[in-house]
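The figures that follow rest on heavy atoms only: side chains count, while hydrogens, waters and symmetry mates do not. Order of appearance sets the numbers: ligands from 1, and atoms from 1 within every ligand. Sequential numbering from 1 along the given sequence is applied to the chain's residues.
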Amino acid sequence: MQPILWVTGAGSGMGRAAAISAAANGWRVVLSGRREAALDETARTIGSTGGTAMVAPLDVRNADDIARVHASITDDWGPVGGLVLSAGLNNPHRAWRDQSMPDFADIINTNLLAVAAVIDSALPDLRQTAGTVVVISSFAGWRFSPNAGVAYSASKTALSALCESLNAQEADHGVRACNLCPGDVDSDFLALRPNVPDSTARAVMLTPGDIGRAVQFVLDSPAHVRINELVITPVAQH
Ligand SMILES: NC(=O)c1ccc[n+]([C@@H]2O[C@H](COP(=O)([O-])OP(=O)(O)OC[C@H]3O[C@@H](n4cnc5c(N)ncnc54)[C@H](OP(=O)(O)O)[C@@H]3O)[C@@H](O)[C@H]2O)c1
């Protein structure tokens, strides 16, 4: 039976690319995010090449949504064998001088608390399947990046500890986690920057597919191999 991969942020960007790659490489893929139409489009792409996908809309900030989707995965397909956690948020108002605390909380809820909540819901499955967790963090979570934003930097930096705590505490069950830290990726996410990059700047960035390929490498690694952290940047990034 094909293993089950649950992907958040699967309607666009890196989550979409990772889901498409995994489906082409033997995984049944659960596609989660808020925009059902975007998830449907990812599912159609997967289906057109013979892959298997389940569309499971949710808001990662909502505990009931996570529980509902997790229950439908296990009821319909079985235990989760892997997670790709790509749902993320930033805000153009990202400095101390112009950020708002509600926006700050929203970023922390999406980038940190929701990642922990999805892992928490799937952990019994991951123990059963010796599962793999890939957390899409950021270069800004690996090395301080002054323009990334206060809340964004804080949330992404914390993901390193979250992954390492999983590795330290759950390795006996075969669970492994990778903190994947991409640099600039040409995706919809760039629209959340105070200065949105133009096409010339985007042309030298990573593509979502570059990250999909890296996620596939982590998922495909033999069960005794753990890729604790991956930092991937475009050559042009300073
Ligand atoms: N692009 C970059 O340069 C860059 C660099 C480093 C790290 N990252 C990180 O990479 C991850 C993926 O971003 P991307 O570049 O691929 O951009 P993207 O296409 O905008 O992907 C972000 C995804 O997160 C989902 N999402 C946001 N809030 C959500 C919520 N509350 N519930 C469920 N899903 C939610 C969005 O789907 P819905 O709107 O449909 O919910 C969207 O599919 C993010 O975590 C981001 O922080 C991006």
Interfacing atoms of ligand 1 (cut-off 4.0 Å, heavy-atom, [X]):
X	answer
Ser12	18 (P), 19 (O), 21 (O), 42 (C), 43 (O)
Ile136	10 (O), 11 (C), 45 (O)
Arg61	31 (N)
Leu58	32 (N), 33 (C)
Gly183	3 (O), 5 (C), 6 (C)
Gly13	16 (O), 19 (O)
Gly9	23 (C), 24 (O), 25 (C), 43 (O)

| Would you say His173 and Gln128 make side-chain contact, with heavy atoms under 4.5 Å? | no

Does ligand 1 have any atom sitting under 4.0 Å from a heavy atom of [X]?
X	value
Ser86	yes
Lys156	yes
Cys181	no

Please find the pair of heavy atoms, one from [X] and one from [Y], that lie closest to each other, and give the distance.
X	Y	result
Arg226	Ala171	NH1-CB, 3.9 Å
Thr45	Arg16	OG1-NH2, 3.5 Å
Asp184	Met205	O-CB, 3.6 Å
Ser121	Ile66	OG-CG2, 3.6 Å

Who's the nearest protein heavy-atom neighbour of [atom], and how far?
atom	value
atom 28 (N) of ligand 1	Arg34 NH2, 3.2 Å
atom 26 (N) of ligand 1	Ala87 CB, 3.8 Å
atom 15 (O) of ligand 1	Ser187 OG, 2.5 Å
atom 47 (O) of ligand 1	Tyr152 OH, 2.6 Å
atom 3 (O) of ligand 1	Val185 N, 2.9 Å
atom 13 (O) of ligand 1	Phe189 CD1, 4.0 Å
atom 32 (N) of ligand 1	Val60 N, 2.9 Å
atom 6 (C) of ligand 1	Pro182 O, 3.2 Å

Does [X], backbone or side chain, put an N or O under 3.5 Å from an N or O of ligand 1?
X	result
Asp184	no
Gly33	no
Ser138	no
Arg35	yes
Phe139	no
Met14	yes

* Using only heavy-atom distances, determine whether the side chains of Asp103 and Ser100 contain a donor-acceptor pair under 3.5 Å. => yes

Distance-only donor-acceptor check, side chains Thr52 and Arg28, under 3.5 Å
no

**Message:** Around atom CG of Asn195, are there more than 12 heavy atoms from other residues, nucleotides or ligands closer than 6.0 Å?
**Reply:** no

Does Met1 have more than 12 heavy atoms from other residues, nucleotides or ligands lying within 6.0 Å of its CE? no

Donor-acceptor under 3.5 Å (Thr110 side chain, Ile107 main chain) | no

Asn167 side chain vs Ala177 backbone, donor-acceptor pair below 3.5 Å = yes

Heavy-atom proximity to atom 7 (C) of ligand 1 ranks first, among Ala191, Gly141, Ser137, for Ser137

Checklist entry - Would Asp65 and Arg68 satisfy salt bridge (Lys or Arg N to Asp or Glu O under 4.0 Å), going step by step from the backbone distance to the final call? => result CA-CA 5 Å; Asp65 280 9; Arg68 172 182 50 76; 3.5 Å; yes

Does Glu164 form a side chain to side chain donor-acceptor pair (under 3.5 Å) with Asn228? I'd like the steps, not just the answer.
CA-CA 7 Å; Glu164 280 311 300; Asn228 296 51; 3.2 Å; yes

| Under 30°, 30 to 60°, or over 60°: which ring-plane class applies to Trp6 and His70, parallel, tilted or perpendicular? | parallel

So, Arg176 and Glu170, do they make that salt bridge, N to O below 4.0 Å? no

